[in-house]
Amino acid sequence: MTKAEQKRIEKAAREAFTKKAFGYVLDAIFESSVKNNGSPQIRVALKKGNRYIAFHRYAQDFNIQLYSSGDVDIEFKEFCHQTRLYRIFEYNSNTDVQEAFLEQFRKDVLMVITEFIEQADWHIVLDYLPLEYTENWRDIFIDSLEPAANPQEPFRWKPDWVNPYGDEEESVQ
């Protein structure tokens, strides 16, 4: 196999990965908009194979950046806080690693987009999220939702609360 053929195959693999991640974001937007109580603005920009999905509410933003390189970033913005930009996936050509990430990404993106659309207070969320990237950003984000969530939704520590973002077997009992 020539280097040109190898490059073409690698580029096609990265595009397939990015396309799959983008599909999960679009699915999450559709799912989370079912109970839309607010009026968030959602903008999708496609530039040179990169996909930028920007969510905006007054003084609060959330962005997902899917790069043609296969890297995935998320960004949280709020007018009182410094921007939090996390590289949640650095491209790996191992398909098992990709599939494991995509399965978790599908759940994470649904959770974050749903909370944004359901008007969780990003100011409180960013009070808890560290500036530097941390592997457990997901747990910190979930913990920060307790005080930041929509008042109609029960807090996550209540025994009867069922996790709407996970599978049946992952729900809180």
Side-chain angles (χ1 to χ4, degrees), residues 14-15 17-92 98 101-157 163-166:
R14 288 176 192 263
E15 286 175 355
F17 171 80
T18 304
K19 188 185 291 187
K20 200 173 214 180
F22 186 55
Y24 286 150
V25 173
L26 295 178
D27 289 345
I29 291 170
F30 180 76
E31 282 294 317
S32 60
S33 66
V34 172
K35 299 184 284 182
N36 184 7
N37 295 328
S39 57
Q41 298 171 2
I42 301 171
R43 185 174 47 96
V44 176
L46 308 172
K47 296 179 186 175
K48 297 183 181 179
N50 298 325
R51 289 151 175 87
Y52 304 98
I53 305 95
F55 301 83
H56 173 75
R57 285 194 332 246
Y58 178 74
Q60 301 178 68
D61 295 284
F62 170 66
N63 302 315
I64 301 170
Q65 299 152 1
L66 305 168
Y67 299 107
S68 59
S69 65
D71 297 338
V72 179
D73 289 349
I74 57 172
E75 183 178 44
F76 300 92
K77 295 180 181 180
E78 197 267 342
F79 77 98
C80 287
H81 290 86
Q82 285 183 311
T83 299
R84 300 330 195 252
L85 177 65
Y86 301 129
R87 166 80 26 104
I88 61 171
F89 186 74
E90 195 164 313
Y91 186 76
N92 187 322
Q98 290 176 18
F101 167 75
L102 286 170
E103 183 56 32
Q104 186 62 51
F105 180 70
R106 181 182 62 79
K107 296 173 187 175
D108 290 347
V109 78
L110 177 61
M111 171 188 63
V112 176
I113 292 171
T114 299
E115 290 299 339
F116 188 81
I117 289 176
E118 290 292 316
Q119 300 194 5
D121 187 346
W122 244 221
H123 180 80
I124 295 172
V125 169
L126 294 185
D127 281 344
Y128 290 90
L129 281 177
L131 280 172
E132 69 284 344
Y133 175 74
T134 175
E135 288 291 324
N136 62 347
W137 74 269
R138 180 181 308 104
D139 299 328
I140 297 168
F141 181 85
I142 291 170
D143 289 345
S144 70
L145 288 175
E146 227 171 274
N150 184 333
Q152 285 79 31
E153 184 177 341
F155 285 140
R156 280 123 181 100
W157 51 264
N163 183 354
Y165 313 112

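Throughout, numbering of the chain's residues begins at 1 and tracks the sequence. Owing to the predicted nature of the structure, the values given are computational and were not obtained by experimental measurement.
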The side chain to side chain contact (heavy atoms under 4.5 Å, CB included) partner of Arg51 among Leu46, Val44, Val72 is Leu46

What's the spacing between Ile113 CD1 and Ile42 CD1 if we round to 0.5 Å?
7.0 Å

Any idea how Phe76 and Phe62 line up, ring-wise: parallel (<30°), tilted (30 to 60°), or perpendicular (>60°)?
tilted

Write down the atom of Gly70, the atom of Arg14, and the distance for their closest heavy-atom approach.
N-NH1, 4.4 Å

Are Leu66 and Ile53 close enough that some pair of their side-chain heavy atoms sits under 4.5 Å apart?
yes

Could you work out, with side chain to side chain donor-acceptor pair (under 3.5 Å) as the rule, every residue matching Lys20, not counting sequence neighbours?
Glu99

To the nearest 0.5 Å, how far apart are CD1 in Ile140 and CZ in Arg84?
10.5 Å

CG of Leu110 to CD of Glu115, rounded to nearest 0.5 Å, is 9.5 Å

Indicate the atoms forming the closest heavy-atom contact of Gln60 with Ala120, along with that distance.
OE1-O, 3.7 Å

Heavy atoms, side chains only, cut-off 4.5 Å: are Phe105 and Val25 in contact?
yes

CD1 on Ile29 to CG on Asp27, rounded to 0.5 Å:
9.5 Å

Apply side chain to side chain contact (heavy atoms under 4.5 Å, CB included) to residues Tyr52 and Tyr67 and explain how you reach the verdict.
CA-CA 8 Å; Tyr52 304 98; Tyr67 299 107; 3.9 Å; yes

Mind checking whether Phe89 and Phe17 have ring centres under 6.0 Å apart?
yes

CD1 of Ile74 to CZ of Phe141: how many Å apart, nearest 0.5 Å?
8.0 Å

Stepwise side chain to side chain contact (heavy atoms under 4.5 Å, CB included) test for Arg87 and Asp71
CA-CA 7 Å; Arg87 166 80 26 104; Asp71 297 338; 3.2 Å; yes

Can you name the residues that form a side chain to side chain contact (heavy atoms under 4.5 Å, CB included) with Glu75, not counting sequence neighbours?
Asn63, Gln65, Lys77, Thr83, Leu85

Quick one: list whatever passes side chain to side chain donor-acceptor pair (under 3.5 Å) with Gln98, sequence neighbours left out.
Tyr91

Reported CD1-to-OG distance for the pair Ile117 and Ser32, which is rounded to 0.5 angstrom:
3.5 Å

So Ile88 and Phe101, side chain to side chain contact (heavy atoms under 4.5 Å, CB included) or not? Walk me through it.
CA-CA 9 Å; Ile88 61 171; Phe101 167 75; 4.1 Å; yes

Steps toward side chain to side chain contact (heavy atoms under 4.5 Å, CB included) verdict (Arg43, His56):
CA-CA 8 Å; Arg43 185 174 47 96; His56 173 75; over 6 Å; no

Parallel, tilted or perpendicular, as decided by the 30° and 60° cut-offs, for the rings of Phe116 and Phe55
perpendicular

Is a side-chain donor or acceptor of Ser33 paired with a backbone partner of Phe30 at a separation under 3.5 angstrom?
yes

